[in-house]
Amino acid sequence: MQQLNLIESNLKGLSKNKMKTIKRIAIIGNAGSGKSTLSQRVHKITNLPIYYLDQYFWKPGWVRPNPGEYKKMHDAICDKEEWIWMALI
């Protein structure tokens with residue numbers, strides 16, 4: 001929790017001009033590491049849209065998409081101008 005508070009404090013401390021230049025943030029971590037909490041906090045500060053990898057990767061019933069289908073979806077999100085990309089490692 002202290003690390004989340006430190007990140008949040010650092011983001012809030014950036015100047016408005018600097019905040020305007022932040023357009024893409026990748027948050028990657030293990031299960032239960034606070035990725036969703038951090039993504040929500042960063043979103044509140046930056047107003048960047050959040051894309052949760054699990055929502056795009058897994059099909060109903062936890063079925064994996066074929067690699068070509070996943071690559072197309074992944075590339076479409078990465079090509080957007082603004083995002084917070086939250087992924088499990």
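- Applying the side-chain contact (heavy atoms from CB on, under 4.5 Å) test to Pro65 and every residue at least two apart in sequence or in another chain returns Phe57, Lys59, Glu69, Tyr70.
- By the side-chain contact (heavy atoms from CB on, under 4.5 Å) test, Ile50 pairs with Ser39, Gln40, His43, Tyr52, Ile84, sequence neighbours left out.
- Side chain of Lys35 to backbone of Asn30: a donor-acceptor contact under 3.5 angstrom is found.
- Under the 4.5 Å side-chain heavy-atom criterion for Ile, Leu, Val, Met, Phe, Trp and Tyr, Leu53 and Trp83 are members of the same hydrophobic cluster.
- Ile28 CD1 to Met86 CE: the interatomic distance, rounded to the nearest 0.5 Å, is 10.5 Å.
- There is no path of hydrophobic side-chain contacts, each under 4.5 Å, that joins Tyr51 to Ile25.
- Tyr56 and Trp62 fall within a single hydrophobic cluster, where Ile, Leu, Val, Met, Phe, Trp and Tyr side chains are chained together by heavy-atom contacts under 4.5 Å.
- By the rule that hydrophobic residues join a cluster once side-chain heavy atoms approach within less than 4.5 Å of another member, Trp85 and Leu48 end up as members of separate clusters.
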Can you give each donor-acceptor pair under 3.5 Å made by side-chain atoms of residues 71-81, sequence neighbours left out, with the distance rounded to 0.1 Å?
| residue | atom | partner | partner atom | Å |
| --- | --- | --- | --- | --- |
| Lys71 | NZ | Asp75 | OD2 | 2.5 |

Query raised in the report: When you look at Arg64 and Trp58, which way does the side-chain contact (heavy atoms from CB on, under 4.5 Å) test go after all the steps?
Result: CA-CA 5 Å; Arg64 290 179 181 230; Trp58 296 107; 3.2 Å; yes
